[in-house]
Enquirer: 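Structure in structure tokens, see below.
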Amino acid sequence: MKIKPIEGGKEIAQEVERHKIKRLTQEDILNAALKHGDSIVVVAQRLLDTRLAEQLEQGGVAAAIPYCQPENYEEVQALQDKFGAFAHRTAGRLRNPQNRMDDAAGPRLAHYAKGTIEGPIVTQELDNNELLYTSPIYVRNETCLNCHGTVGKEVAVADYELIKQKYPQDRAINFREGDLQGIWTIRFDKKELVAFLNDQPKKSRRPR
């Protein structure tokens with residue numbers, strides 16, 4: 001007796017195959033963290049450049065100050081949630097105290113400053129549950145210098161008074177174009193990243 005094929009059987013098989021757990025090597029996972037870390041940074045920097053330029057044109061430095069936190073943009077937060085990541089920016093000369101560096105960021109920043117590391121890298125953290133991505137942040141253009149250049153030159157005195165009102169402990173000035181300003185650190189939850197790579201639903205979210 002000829003058995004009729006199950007209706008929608010091809011689609012069901014494709015769906016089963018799509019959700020089949022992949023055998024990922026450590027190298028696969030590290031490469032994925034590097035790729036998705038890069039995508040978070042690229043989107044964040046592009047949105048930052050666009051929004052700062054818009055705000056500077058519309059309302060000057062006073063209007064731009066609240067937008068210099070790209071890690072908090074809705075689009076960037078969505079990517080973090082998608083990949084199981086937590087993005088943070090830090091520097092040796094801080095403006096926003098919330099961007100203070102942790103124990104892992106300090107040595108990475110020192111390596112970038114010395115030139116022993118130049119581009120984005122990813123490493124496995126000691127607890128084996130987290131991957132650490134870092135990427136350098138450079139002063140790219142005149143837009144950055146409006147708030148991070150030399151006071152009385154690129155930074156208007158009146159504008160710097162506004163900055164100091166919001167950030168009394170500010171040290172993020174006297175930069176020149178091309179200077180290393182800080183680094184991005186993106187921590188990937190290894191289990192959540194693997195779940196994303198296998199197209200599996202996330203069971204829980206770690207606290208931010």
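Residue numbers count from 1 along this sequence.
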Enquirer: Under a plain distance cut-off of 3.5 Å, with no hydrogens placed, do Asp28 and Thr25 share a side-chain donor-acceptor pair?
Expert: yes
Enquirer: Does Lys164 have any side-chain contact (heavy atoms from CB on, under 4.5 Å) partners at least two apart in sequence or in another chain, and if so, which?
Expert: Tyr160, Asp170
Enquirer: Should Leu30 and Val194 be regarded as members of a common hydrophobic cluster, given that ILVMFWY residues are connected when their side-chain heavy atoms come within less than 4.5 Å of each other, either directly or indirectly?
Expert: yes
Enquirer: Would you confirm whether Glu130, through its side chain, and Lys190, through its main-chain N or O, come within 3.5 Å as a donor-acceptor pair?
Expert: no
Enquirer: Once rounded to the nearest 0.5 Å, what's the spacing between atom NZ of Lys191 and atom CD1 of Ile29?
Expert: 12.0 Å
Enquirer: Mind jotting down which residue pairs meet the ring pair (Phe, Tyr, Trp, His ring centres under 6.0 Å) criterion with at least one end in residues 28-61? Sequence neighbours excluded, please.
Expert: His36-Phe83, His36-Phe196
Enquirer: Is Arg95 close to Cys68 at the side-chain level, that is, under 4.5 Å between some pair of heavy atoms?
Expert: no
Enquirer: Between Asn174 and Val151, is there a side-chain heavy-atom distance shorter than 4.5 Å?
Expert: no
Enquirer: Counting C-beta onward and ignoring hydrogens, is there a side-chain heavy-atom pair between Asn146 and Asp159 closer than 4.5 Å?
Expert: no
Enquirer: In Å, rounded to the nearest 0.5 Å, how long is the span from CD1 of Ile183 to OH of Tyr138?
Expert: 11.0 Å
Enquirer: Is the shortest side-chain heavy-atom distance between Phe175 and Arg93 below 4.5 Å?
Expert: yes
Enquirer: Just by modelled atom types, is the Ala44 backbone N or O under 3.5 Å from a matching donor or acceptor in the Glu71 side chain?
Expert: no
Enquirer: Pick from Arg89, Arg171, Arg100: which one makes a side-chain contact (heavy atoms from CB on, under 4.5 Å) with Leu94?
Expert: Arg100
Enquirer: Which residues pass the side-chain contact (heavy atoms from CB on, under 4.5 Å) test with Asn31, not counting sequence neighbours?
Expert: Glu27
Enquirer: Quick one: which residue pairs count as a salt bridge (Lys or Arg N to Asp or Glu O under 4.0 Å) with a foot in residues 140-151, not counting sequence neighbours?
Expert: Asp49-Arg140
Enquirer: What is the distance from atom CE of Met101 to atom OG1 of Thr90, rounded to the nearest 0.5 Å?
Expert: 4.0 Å
Enquirer: Quick one: does His88's side chain get under 4.5 Å of Ile186's, heavy atoms only?
Expert: no
Enquirer: Can you tell me how far the CD atom of Gln45 sits from the CD1 atom of Ile40, to the nearest 0.5 Å?
Expert: 12.5 Å
Enquirer: Is it true that atom OH of Tyr67 has more than 12 heavy atoms of other residues, nucleotides or ligands lying nearer than 6.0 Å?
Expert: no
Enquirer: Flag yes if Val43 and Leu34 sit in one hydrophobic cluster, no otherwise; membership is Ile, Leu, Val, Met, Phe, Trp, Tyr, and two members link when side-chain heavy atoms are under 4.5 Å apart.
Expert: yes
Enquirer: Counting neighbours of CD on Glu75 that are heavy atoms of other residues, nucleotides or ligands and sit closer than 6.0 Å, is the number greater than 12?
Expert: yes
Enquirer: Do you know which two heavy atoms are closest between Val155 and Leu145, and how far apart they sit?
Expert: CG2-O, 3.3 Å
Enquirer: Identify each donor-acceptor pair in which a side-chain atom of residues 52-60 lies under 3.5 Å from a protein atom, sequence neighbours left out, and give them as a table.
Expert:
none

Enquirer: Quick one: side chains of residues 103-121, donor-acceptor pairs under 3.5 Å with protein atoms, not counting sequence neighbours, listed by atom name and distance.
Expert:
| residue | atom | partner | partner atom | Å |
| --- | --- | --- | --- | --- |
| Arg108 | NH1 | Thr134 | OG1 | 2.7 |
| Arg108 | NH2 | Thr123 | OG1 | 2.4 |
| His111 | ND1 | Thr116 | OG1 | 2.7 |
| Tyr112 | OH | Gly119 | O | 2.8 |
| Tyr112 | OH | Thr134 | O | 3.1 |
| Tyr112 | OH | Thr134 | OG1 | 3.1 |
| Thr116 | OG1 | His111 | O | 3.1 |

Enquirer: Measure the OG1-CG distance between Thr185 and Asn99 for me, rounded to the nearest 0.5 Å.
Expert: 9.5 Å
Enquirer: Closest approach of Gly149 and Ile173, non-hydrogen atoms and distance?
Expert: O-CB, 3.5 Å
Enquirer: Measuring only between side-chain heavy atoms, which start at C-beta, is Val122 closer than 4.5 Å to Phe188?
Expert: no
Enquirer: Do the charged groups of Arg187 and Glu192 touch, with an N to O distance under 4.0 Å?
Expert: no
Enquirer: In this structure, would Ile163 and Leu48 fall into the same cluster of hydrophobic residues linked by side-chain contacts under 4.5 Å?
Expert: no
Enquirer: For a 4.5 angstrom cut-off between non-hydrogen side-chain atoms, does Asp38 reach Val41?
Expert: no
Enquirer: Using distance alone, with no hydrogens and no angle criterion, decide if Lys82 and Gln77 have a side-chain donor and acceptor under 3.5 Å apart.
Expert: no
Enquirer: When rounded to the nearest 0.5 angstrom, what distance separates OH in Tyr133 from CH2 in Trp184?
Expert: 9.5 Å
Enquirer: Using a 4.5 Å cut-off on heavy atoms from C-beta on, say whether the side chain of Arg176 contacts that of Asp179.
Expert: yes
